Every structure is written in structure tokens, then in C-alpha cells.
Amino acid sequence: MTQSPPSTSTLFTNGSVFLSGVSPGTNAGLHRPPTFVSSLLIQNDRITFAGSSSAPEVTAALSDPNTTVHDLHGKTLLPGFVDGHMHLMMMGQSLNKLDLGHCMTLADIQSAISAHAKANPDAPRILARGWMHSMTPGGVTATDLDRLDIPGSDRPILIDTKDLHSTWCNTAGLAELRADSLPDVPGGVIQRDAAGNPTGVFSEAANITHIWPHVARVATMEERVAAIRSAVEAYHQEGYTGLIDMAMDDGSWEALQEYRNNGGEIPMRIAAYWLIKPGKTTEENVSQVERAIELAKVYNADTTPDCRIVGVKVICDGIIDACTAGLTEPYAHNDHLEVPLWTEEQLEPVVRRANEAGLQVALHAIGDATIKVVIDVLEKYVDVEKRPRVEHIELASEEDAVRLGKGRITASIQPVHADPAILRAWPRLIGEHRCGRAFAYREFSDHGAPLALGSDAPTAPHSPLGNVYVGTTRRSYREPAFETTVNPHFALGLCEAVAAGTEGSAYSCFDDNRIGVLKAGHKADFVIVDMEWEKEKLMQAKVVETWYNGVKVFAAQ
């Protein structure tokens with residue numbers, strides 16, 4: 001008879017093991033002190049004890065020859081971070097895209113692309129990211145990107161905006177897309193000239209419907225799997241052990257299953273929300289929900305707990321930087337009120353069907369008008385116990401901040417989007433008076449809304465500690481010397497921000513029964529950080545090790 005190997009234990013001691021004590025929906029406030037213990041004991045893939053080094057459990061472990069002792073040397077041990085909102089495939093692909101985040105003008109962008117093209121002569125196309133509309137205030141067309149390639153080559157160029165809501169192509173890119181034959185879609189914009197010809201920019205639903213699938217199609221399965229692997233490795237380096245994909249589609253899901261079937265376990269807890277794209281009819285929209293329902297019957301918490309479909313995601317408006325977020329007052333610079341990507345009437349049958357089938361509902365809403373609509377719909381059609389959630393919530397009214405808490409609606413927030421370095425255009429776009437309502441996280445928490453912290457990677461830096469830094473200080477992570485703060489009265493406390501990025505994100509996707517908190521019975525997912533427990537010093541914090549399922553998956557050099 002084959003004997004199973006002996007059970008192994010690892011004792012982490014002589015450090016600060018964080019026990020949050022901030023359960024989702026708890027108003028922890030700015031000054032809740034942290035609760036630390038000195039030891040953590042794991043056995044195989046589970047935590048068996050978290051507490052004092054003088055406890056009997058620790059004494060017994062030290063006397064067991066199968067126990068390995070890990071001296072923390074005063075470092076801090078936190079639950080593994082769970083990114084509450086990100087885009088896995090895009091994140092992996094972005095690691096190989098040219099980053100234009102440093103650019104300030106069109107000339108800067110053109111220079112960077114030209115240099116990149118020369119350095120990568122064999123790439124089939126030039127892919128870039130990080131373009132912001134503020135870099136090109138006069139607008140752009142495909143011709144602005146033509147003739148930047150090396151002599152004799154005319155490769156497609158596709159550039160993502162920082163927020164992923166728009167793509168800018170050159171003429172070769174338009175040809176590859178067969179853009180002349182692409183139809184307009186509800187809630188989307190294909191910029192066209194007076195004759196109706198595409199000029200190079202696809203925004204909102206047109207970007208989601210036409211560009212995202214195209215980029216997935218032209219990538220081989222091997223490239224897609226490699227992108228996922230690269231994203232997971234990058235996440236381990238930052239201390240993540242879990243993530244929530246907020247725009248899952250067939251191309252990404254197929255690559256995940258290819259990875260699982262041929263590459264073994266993905267060392268990351270993955271929960272996915274199926275992206276519902278705006279169709280022309282209710283039947284088209286609901287049919288996408290049915291696809292998510294069928295997948296969730298196969299891939300769920302009981303069958304594949306670490307790679308599952310948990311709900312649906314609907315992008316209900318755009319973003320303020322592109323003047324496509326739904327606002328109650330017109331934009332200050334052009335007096336426009338934008339048409340929402342989804343009306344309340346279009347949204348209701350999608351949300352109702354998802355809730356009936358037991359799926360969670362996640363609704364992207366940035367502008368105050370859209371936030372009101374999505375809360376109205378969630379209140380009507382989603383059961384509180386299904387843990388409905390609203391993504392981003394960047395410009396909410398005080399009344400809707402109260403409603404989030406009253407309805408136990410998860411506020412899925414990304415503090416890195418509140419970085420003052422990327423908000424310089426907001427006063428011009430929406431007026432100073434409305435900027436005072438931006439990123440009202442303190443109100444969400446004070447009124448009892450569960451918080452889930454995410455990065456929205458690759459639209460923003462994915463460091464969870466950087467995310468916590470912006471959320472607690474309201475200062476810039478991108479430009480540390482930039483001294484501007486954004487509505488510091490809406491700041492989060494350090495305890496509640498760390499808890500929101502661990503237990504809160506786990507709670508938001510029904511995974512808090514096994515991850516997000518360091519306690520007996522939970523999975524041994526955690527991160528060791530060299531840090532001081534002060535919000536102002538988070539920029540100096542360093543991830544030393546990341547452990548997933550009781551196995552070290554990252555160690556700093």
C-alpha cells in the first residue's frame with residue numbers, strides 16, 4: 001500500500017501578523033488601530049492557527065520535527081491581496097505593449113512609437129497603451145500615426161487609452177479591422193468623416209464590440225495563455241493571490257481553460273464576471289446572460305472554485321476624461337449631456353434575468369446620473385443576499401452614497417483612479433464645484449457599504465499597496481512629488497483600506513469563507529511585507545514573499 005507523505009507545517013513567527021477585524025460593511029473609520037499577533041501556523045494548504053507565540057499551538061508545532069520555522073524578523077504578514085476589479089488577459093497583453101504614460105503631447109506619442117517600431121522590426125503589429133485624451137486635446141485621426149513605422153513597413157498600430165474605453169488606429173490598422181464594413185453599435189462611437197468613413201478612433205461599446213475581440217483573435221492561443229501566465233507572475237510580485245476579472249469573454253475564457261487543461265493549476269484564485277455587450281434588442285442582451293448562466297453551471301464554487309463564473313458585468317457609462325460618463329449636469333467645457341450606454345429600460349431585463357439565475361450583478365457607473373440609474377435598478381431587481389456591486393463610483397451624489405450603504409451594495413472602488421496626477425483635466429471638464437464630490441469613499445464606508453478595492457489593471461498601476469496609499473492619503477502614487485491631494489476628507493483609514501483589498505474583495509465575489517482573512521481553516525494565502533504601519537510610508541513598503549495555497553510563489557531577490 002502506498003503511504004501518503006507526512007503532513008508538513010510551517011510556523012511564521014517573530015513578526016506582525018495582521019488580523020483586520022474590519023468585516024465588510026463595517027464603518028472602521030480613519031483611526032481604527034490594527035490588530036496584530038506574532039505567529040501564523042499553516043499545515044499544507046491551510047491556516048491552522050494565528051495568535052500569540054506563547055500559545056500551546058505554537059509550542060506543539062515547535063516540538064514537531066515536521067515543522068519548518070520561518071523567522072519574519074519583524075516584517076508584516078498580511079492576507080494575500082485580492083484585486084477586486086481587473087482585466088486578466090488585457091493585463092498580460094499590456095506587459096508587452098509600448099507604454100505611453102510618460103507622453104504629454106501628440107509629438108511625444110509619435111516619437112515613442114517611431115522609436116518602438118525601430119526597436120521591434122519583426123513584430124506583426126505595434127500595440128501601445130496609456131494614451132490619454134488630454135495628451136491630444138485637438139483630437140486625433142489615423143493619419144497622425146501613419147509613416148511612423150520603419151521604411152518599407154506599414155504595420156497596423158493600435159493604441160489603447162489609459163482607461164481602455166477607446167482605441168486609436170492608423171490607416172493600416174483600419175484596413176486590418178476592415179473598418180469600412182464595421183457597423184455602428186448601441187452605446188458606441190466609431191469616429192467618422194463627413195463621408196461616413198472611419199477616421200481611426202473607436203470608443204465605448206464600439207471599442208468593446210469591435211476592437212477587443214479583434215485583438216483577441218489575432219493573438220494565437222499560445223500568446224493568450226502566455227499573457228495570462230505573465231499577468232499571474234506580475235501579480236504574485238505585488239502580493240496578490242486572487243483576482244476578479246471584470247470583462248470575461250469567450251476568447252479569454254478559452255485561454256484560461258487551455259491553461260488549466262494543459263498547464264495545470266493556475267496559482268491564483270480567479271473569479272470572473274461575464275461582460276454583457278450592448279445589443280440592438282433585449283433578446284440579444286439576455287442571450288449573453290444565458291451564456292454566462294450555462295458556464296456558471298459548469299464552472300462554479302463547487303466544481304472549480306479557483307476559476308469560476310460568478311456573475312455578469314455591464315458597462316453602463318463611459319469615463320469623465322473622454323466626456324462619456326453620464327452626468328446630471330452638462331459637461332462644463334462643451335455644455336453636452338452624453339447619452340448613456342445603457343438606458344434603464346435596456347438594463348432591467350439583463351439584471352432581472354441574472355438575479356433569477358443566481359448570478360451576481362456588477363454594474364460599471366462613473367457619473368452621478370448613471371450611478372443613480374444603476375442603484376435604482378439594483379434596488380428593484382437584485383436580492384441583497386446576492387451581494388450586488390457597483391464598479392468605480394467616481395462622482396456620486398450624497399444621496400446615492402447613503403443608498404449604497406442602505407442597500408448593502410458593494411462599492412467596488414479603485415483608488416488609483418483618484419490619483420491627482422491623472423485628474424488635471426477634471427476641473428475644466430466638469431467644473432470645480434463637481435470635483436468636490438469626486439471619489440467619496442469615506443461616505444460609502446460611513447453609510448455601511450461593503451468596500452472592495454481593485455486596480456482596474458491594466459488601466460492603472462496594479463500595486464495593492466500603491467492603491468492603499470492613494471486611498472488613505474489621497475496623494476499621487478504615480479508622481480510622488482506631486483503634492484496635490486484629492487478631497488482628503490473622503491480618505492479611508494489604513495486598516496479599512498487593507499481589509500477592503502483582502503477580505504472586502506473576497507466578500508464581493510463570495511469567497512470570504514476561505515480567503516481574505518488570516519484565521520484557522522482558511523487557505524494559506526498571504527504576503528510578507530517589509531513595511532511600517534503608516535499610510536505616509538506605504539511608498540517605501542516592499543513585498544518580500546507571496547504564498548499561495550501554502551506554497552511560496554514569489555520571493556524578492
Side-chain angles (χ1 to χ4, degrees), residues 4-24 26 34-83 235-236 238-243 265-271 301 305-306 464 495 498-531 533 543-555:
S4 60
S7 178
T8 60
S9 298
T10 304
L11 175 65
F12 298 82
T13 190
N14 190 28
S16 298
V17 179
F18 177 66
L19 306 181
S20 76
V22 183
S23 59
T26 299
T35 300
F36 290 119
V37 295
S38 53
S39 294
L40 182 82
L41 182 64
I42 68 172
Q43 188 173 52
N44 299 326
D45 66 339
R46 296 280 177 177
I47 297 169
T48 57
F49 174 77
S52 170
S53 296
S54 60
E57 292 88 345
V58 175
T59 302
L62 288 171
S63 64
D64 185 342
N66 290 317
T67 299
T68 300
V69 178
H70 193 307
D71 192 331
L72 293 170
H73 296 289
K75 296 180 179 65
T76 301
L77 193 150
L78 303 172
F81 285 98
V82 179
D83 193 331
Y235 264 49
H236 285 162
E238 298 292 346
Y240 288 107
T241 54
L243 59 84
E265 177 194 11
I266 303 173
M268 184 67 64
R269 318 280 178 202
I270 300 174
D306 295 321
C495 272
V498 172
T502 51
E503 183 177 5
S505 292
Y507 167 92
S508 76
C509 65
F510 282 95
D511 219 6
D512 52 316
N513 63 318
R514 65 186 192 124
I515 65 172
V517 183
L518 301 174
K519 66 179 182 181
H522 273 42
K523 287 287 190 177
D525 295 357
F526 51 88
V527 56
I528 299 170
V529 186
D530 188 357
M531 66 180 293
W533 193 263
V543 173
V544 178
E545 294 179 6
T546 302
W547 289 64
Y548 171 86
N549 230 26
V551 176
K552 182 164 55 180
V553 291
F554 168 74

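Quick caveat, the model's predicted, so the values are computed rather than measured.
- Side chains of Glu503 and Ser20: a donor-acceptor N/O pair is present below 3.5 angstrom, by distance only.
- Checking Thr67 against Ser9 by side-chain atom types alone, no donor-acceptor pair falls below 3.5 Å.
- Residue Thr48 comes nearest to Gln43 through the heavy atom pair CG2-CB, 3.7 Å, listed as atom of the first residue, atom of the second, then distance.
- Phe36 and Phe18 get closest at one heavy-atom pair: CD2-CA, 3.6 Å.
- One side chain, Thr13 or Ser53, offers a donor N or O that lies under 3.5 Å from an acceptor on the other.
- Between Tyr548 and His236, the angle of the ring planes lies from 30° to 60°, which puts this pair in the tilted group.
- Looking only at atom types and distance, the side chain of Ser508 has no donor-acceptor partner in the side chain of Ser505 under 3.5 Å away.
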**Item:** Test log, rule side chain to side chain contact (heavy atoms under 4.5 Å, CB included), inputs Val529 and Val544
**Value:** CA-CA 5 Å; Val529 186; Val544 178; 6.0 Å; no
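- Contact of the Leu19 side chain with the Val37 side chain is registered, since non-hydrogen atoms from C-beta on lie closer than 4.5 Å.
- At distances below 3.5 Å, not a single donor-acceptor pair connects side-chain atoms of Asn549 with backbone N or O atoms of Val551.
- Counting all heavy atoms, side chain and backbone alike, Gly239 lies closest to Thr546 at CA-OG1, 3.5 Å.
- Checked for salt-bridge contact, Arg269 and Asp83 miss the test: no charged N lies under 4.0 Å from a carboxylate O.
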**Request:** Please step through side chain to side chain contact (heavy atoms under 4.5 Å, CB included) for the pair Val82 and Ile515, ending with a clear verdict.
**Result:** CA-CA 9 Å; Val82 179; Ile515 65 172; 4.0 Å; yes
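- Ring centers of Phe81 and Tyr235: at least 6.0 Å apart, outside the cut-off.
- Between the side chain of Asp525 and the backbone N or O of Gly80 there is no donor-acceptor pair closer than 3.5 Å.
- The side-chain heavy atoms of Ser16 and Thr76, taken from C-beta on, include a pair separated by under 4.5 Å.
- Shown here for Leu78 and Trp533, the closest heavy-atom pair between the two residues is CD2-CZ3, 4.0 Å.
- Across every non-hydrogen atom of Ser39 and Val58, the tightest pair is CB-CG2, 4.0 Å.
- Separating the CH2 atom in Trp547 from the CG atom in Leu77 is a distance of 10.0 Å, to the nearest 0.5 Å.
- Side-chain atoms of Arg46 and Lys523, non-hydrogen and from C-beta on, do get closer than 4.5 Å to each other.
- Side-chain contact between Asp306 and Ile266: absent, with no pair of heavy atoms (C-beta onward) separated by less than 4.5 Å.
- Residue Phe554 is tested with Thr241, Ile528, Val543 for a side chain to side chain contact (heavy atoms under 4.5 Å, CB included); the sole match is Val543.
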**Item:** Check against side chain to side chain contact (heavy atoms under 4.5 Å, CB included), Ile47 and Leu40
**Value:** CA-CA 7 Å; Ile47 297 169; Leu40 182 82; 3.7 Å; yes
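- Interatomic distance, Thr8 OG1 to Ile42 CD1, rounded to the nearest 0.5 Å: 7.5 Å.
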**Item:** Derivation of the side chain to side chain contact (heavy atoms under 4.5 Å, CB included) call for Leu518 and Phe526
**Value:** CA-CA 8 Å; Leu518 301 174; Phe526 51 88; 3.9 Å; yes
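- At least one donor-acceptor pair closer than 3.5 Å links the side chain of Thr502 to the backbone N or O of Val498.
- With values rounded to the nearest 0.5 angstrom, His70 atom NE2 is found 5.5 Å from Lys552 atom NZ.
- Looking at every heavy atom in both residues, Pro464 comes nearest to Glu238 through CG-O, 3.3 Å.
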